[in-house]
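Encoded as C-alpha cells, the structure appears first; notes follow it.
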Amino acid sequence: MLPPMSTRLRVSITALLLCAWLQPLAAVPPIPAAAPLALQDCRLEQPQKLLALHAECGELTVPENPAEPEGRQISLFIARIPAVNRRAQPDPLFILAGGPGLAASAFYPGVAGAFGRVHRDRDIVLVDQRGTGRSQPLQCDVDEDGPAADNQADEEWLHVMRECLAQLSRNSNLAYYTTSIAVRDLDAVRAALGYPGINLYGGSYGSRVAQHYLRRYPQHSRSVVLDGVVPPELALGPGIALDAQAALLKIFARCRADAACQGRFGDPEKDYRDLSTRLASKPVLITVPDPRTGALRALTLGSAQLAAVLRLQSYSADQAAMLPLTLSLANRDNNLQPLAAQFLLTTHSVSEAIAYGMHNSVVCAEDVPFYADVDRAQLAQTYLGTSQVDALVGLCKFWPRGPMDEDLHAPLHSAVPALLLSGGADPVTPSEYGERARRGFTQALHITLPDQGHGQLLSPCMDRVMADFIEAASLSQLDTACTKQARPSAFLLSLTGSAP
C-alpha cells in the first residue's frame, strides 16, 4: 500500500469506497470467452520518462458492470514483454501493481531488471487494473497546490473528493472498480492471450489481488510471489498508524545501535519528538526551490507535512538512511529545507502515480466497511494519529460502494506454491502480515529481510531467488541463503553521504 501524506494525502494513498450495490457478484454471469487478442509494438515508459522498454500492447474490451454484458464497455490496457528465449515456457508471469491505484505499465519499467532472469524464458504480462493507467483511469483532476498537497481542513479535502466523484462519474460508474471484478478481468486477459496457466507477482495491494485470483482460478495458477503481503482477512486502515510508528522506532533504534550514526546524531528519536512538538504548536512558513523544477515554492511545514516525510522515508531502507540527518538539520540547525524538499517530492510522486478514484473505490468497498473497535486513544499516540482513519470514514460516506465477493476476506486455502517476502521494518505490511498469509498455503516459504522496508523486489539476489522459484514452481530445493546477506543502506551522516 502506498503511504499517506497530509490528512488528505493520507487518504489518497493507503485504502477505501462506499455506496449501495444491488446484487452480489456471485450472481453475475461468467465472462464470455474472449477472442484472441491482437497486440502491436509499443513502448512503456517510467512516469519520469527516464526508462523506456519495448513491448507488445493491446486492449481488451470488457463490460464495466459484469452483470450488464451489453451495457457500457471499458478497455483494459495490456502489455506483453515477450520472453528472450524463442522457446518460451507456456506460463508467463503476470505483474500486479500496488496502491491501490498504481498502474502495472507504470510500475514495471522501473523494476524490470528484477525480473530479468524470469524474462529469459517467460513472457511478462502487464494488465493495468481497471481504473488505473490506460484502463479507464479514475484519476482526479486535483490541483497539486491545493488541498490535496497542503495542510487544509479535512472538510475542504472532502469537498475536493466530492468534486472528484462528480467529475469521474460523468464517464464511469465508480462502483465497478473493485478487486472482485478485477480478478475476472485478469482471467479474461489470460484467456484472450491463450495462456493455459500463469504465474503471478503481487506487490502490496497487488498481493490482495493475487490471492483472490488464486481463490477464484486455482486451475490457472501455477505459482505466486507475494511481496509486502496483505492477508486476505485484513481490512487495511486502523493498523497503519501503529505499524508506521513501530517501523519508525525501529529505524531510530538501528541508528542508536550503529556507532557512526549514534556518534553523529545521538538519539534521532529525540530530534523527531522535539521537532514534532515544535511544528505542531507553531507551523513554519518556508520558501524552498521545488526539487523538480527549481522554482521557488512557499510552503507551510506543520505536523502533517512532517508525518508525510516520516511515512514516505520509512518505506525503503535507502530513504530511511536520510531520516536521522533530515531530523537533526531541522531540529538542531533550524534548517528545514531538506525536510520541505522531501515533502514536495513525495506529494508530487504520489499524486502523479495514484489513480485516486480507483483507490477510493477499492478501499471504500473492501476496507472501511470492516473497521470495528478502532482504538482511537492508541492511534492518537502515533505520528499519524487518527486523521487517516477519520478521513477515510468521512470519504466513504459518499463514495459509491461497489461489489465485493463474500469470501474476499475469508481465510485462503491454496495448494499453489507461494513465495512470500517481507521487510522487518515495513511501515504498512509488517512481517507479521506475511506470516499470517503464509498459513493459507500448503506449500509456502516466507522470507523476512531484517531492517528492510516495504517491498523486497530490488533486494540483492532476490531476482535469482524469484526466478529459481518460478522456474521450478516448487520450494523443495530453493536456495535462499544469499538473502541472509542483505543489509540496509548505511545512514547518511551529512548531505554529502555516509561514513566511509
Side-chain angles (χ1 to χ4, degrees), residues 3 228 241-279 291 301 303 305-343 345-346 381-384 421-432 434 447-462 465 480-500:
L242 302 176
D243 295 332
Q245 186 76 19
L248 182 66
L249 295 181
K250 286 180 180 179
I251 294 168
F252 294 155
R254 182 162 64 87
C255 177
R256 291 193 295 266
D258 179 274
C261 188
Q262 195 276 337
R264 171 70 174 82
F265 303 113
D267 185 359
E269 185 175 346
K270 183 178 186 304
D271 282 325
Y272 144 67
R273 296 195 183 281
D274 289 348
L275 182 62
S276 180
T277 299
R278 177 156 65 95
L279 293 180
L301 284 179
S303 55
Q305 286 72 27
L306 175 61
V309 174
L310 294 174
R311 180 79 190 286
L312 270 294
Q313 290 200 313
S314 297
Y315 257 55
S316 76
D318 289 344
Q319 294 293 314
M322 297 188 292
L323 266 178
L325 174 62
T326 302
L327 294 172
S328 177
L329 290 172
N331 187 50
R332 302 182 196 182
D333 302 338
N334 202 33
N335 179 2
L336 297 168
Q337 296 254 341
L339 181 66
Q342 284 299 318
F343 176 75
L345 279 173
T346 53
Q381 300 304 309
T382 70
Y383 71 83
L384 289 176
L421 310 175
S422 295
D426 187 331
V428 63
T429 55
S431 59
E432 293 83 1
I447 300 174
T448 297
L449 300 187
D451 297 318
Q452 300 293 341
H454 187 57
Q456 310 313 307
L457 185 58
L458 300 179
S459 297
C461 90
M462 196 57 74
V465 172
T480 64
C482 65
T483 64
K484 300 184 185 303
Q485 306 304 315
R487 298 289 184 271
S489 301
F491 288 106
L492 271 65
L493 304 183
S494 71
L495 292 176
T496 59
S498 59

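Below, all heavy atoms of this structure are taken into account, side chains as well, without hydrogens, waters or symmetry copies.
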### Task
Rounded to the nearest 0.5 Å, what's the gap from OG1 on T346 to CD on Q305? Could you check?
9.5 Å
### Query
What is the distance from atom CE of M322 to atom CG of L339, rounded to the nearest 0.5 Å?
11.0 Å
### Query
Can you check side chain to side chain contact (heavy atoms under 4.5 Å, CB included) on Q337 and L329, steps first, answer last?
CA-CA 9 Å; Q337 296 254 341; L329 290 172; over 6 Å; no
### Task
Measure the CG-OG distance between L275 and S303 for me, rounded to the nearest 0.5 Å.
10.5 Å
### Query
Distance from T448 atom OG1 to L421 atom CG, nearest 0.5 Å?
9.0 Å
### Message
Please check: side-chain N/O of R332 versus main-chain N/O of F265, any donor-acceptor pairing under 3.5 Å?
### Response
yes
#### Entry: Separation of Q313 CD from D318 CG (nearest 0.5 Å)
11.0 Å
### Message
Please report the interatomic distance OG(S316) to NE2(H454), rounded to the nearest 0.5 Å.
### Response
11.0 Å
### F491 and I251, any side-chain heavy atoms less than 4.5 Å apart
yes
### Closest non-hydrogen atom pair between R273 and L249, with its separation
NH2-CD2, 4.1 Å
### Task
For the residue pair S276 and Y383, establish whether any side-chain heavy-atom pair is separated by less than 4.5 Å.
no
### Task
State whether a side-chain donor-acceptor pair under 3.5 Å links D426 with T429.
yes
### Query
Do you know which two heavy atoms are closest between L449 and S459, and how far apart they sit?
CD1-OG, 3.4 Å
#### Entry: Closest contact, heavy atoms only, R278 versus N334
NH1-OD1, 3.4 Å
### Query
So K270 and D274, salt bridge (Lys or Arg N to Asp or Glu O under 4.0 Å) or not? Walk me through it.
CA-CA 6 Å; K270 183 178 186 304; D274 289 348; 2.7 Å; yes
## Note on the structure
Hits for side-chain contact (heavy atoms from CB on, under 4.5 Å) against R256, two or more places apart or cross-chain, chain-then-number order -> F252, A253, D267, P268, E269
### Query
Is the closest side-chain heavy-atom distance between R264 and S328 below 4.5 Å?
yes
### SB check R254 D258 (cutoff 4.0 Å)
no
### Message
A side-chain contact here means heavy atoms from C-beta on lying under 4.5 Å apart; do Q319 and Q342 qualify?
### Response
yes
### Task
Carefully, step by step, assess L384 and L242 under the rule side chain to side chain contact (heavy atoms under 4.5 Å, CB included).
CA-CA 8 Å; L384 289 176; L242 302 176; over 6 Å; no
### Task
Report yes if the side chains of L323 and L310 come closer than 4.5 Å at any heavy-atom pair, otherwise no.
yes
### Query
Under the side chain to side chain contact (heavy atoms under 4.5 Å, CB included) criterion, do D243 and V428 qualify, and how do the steps go?
CA-CA 6 Å; D243 295 332; V428 63; over 6 Å; no
### Query
Hey, mind stepping through L492 and T326 against side chain to side chain contact (heavy atoms under 4.5 Å, CB included) and telling me if it holds?
CA-CA 9 Å; L492 271 65; T326 302; over 6 Å; no
### Task
Before accepting this row, confirm whether a basic side-chain N of the pair D451/K250 lies closer than 4.0 Å to the acidic partner's carboxylate O.
no
### Task
Determine yes or no for a side-chain-to-main-chain donor-acceptor pair under 3.5 angstrom, with T480 supplying the side chain and T483 the backbone.
no
### Shortest non-hydrogen contact between P324 and A320, atoms and distance
CD-O, 3.6 Å
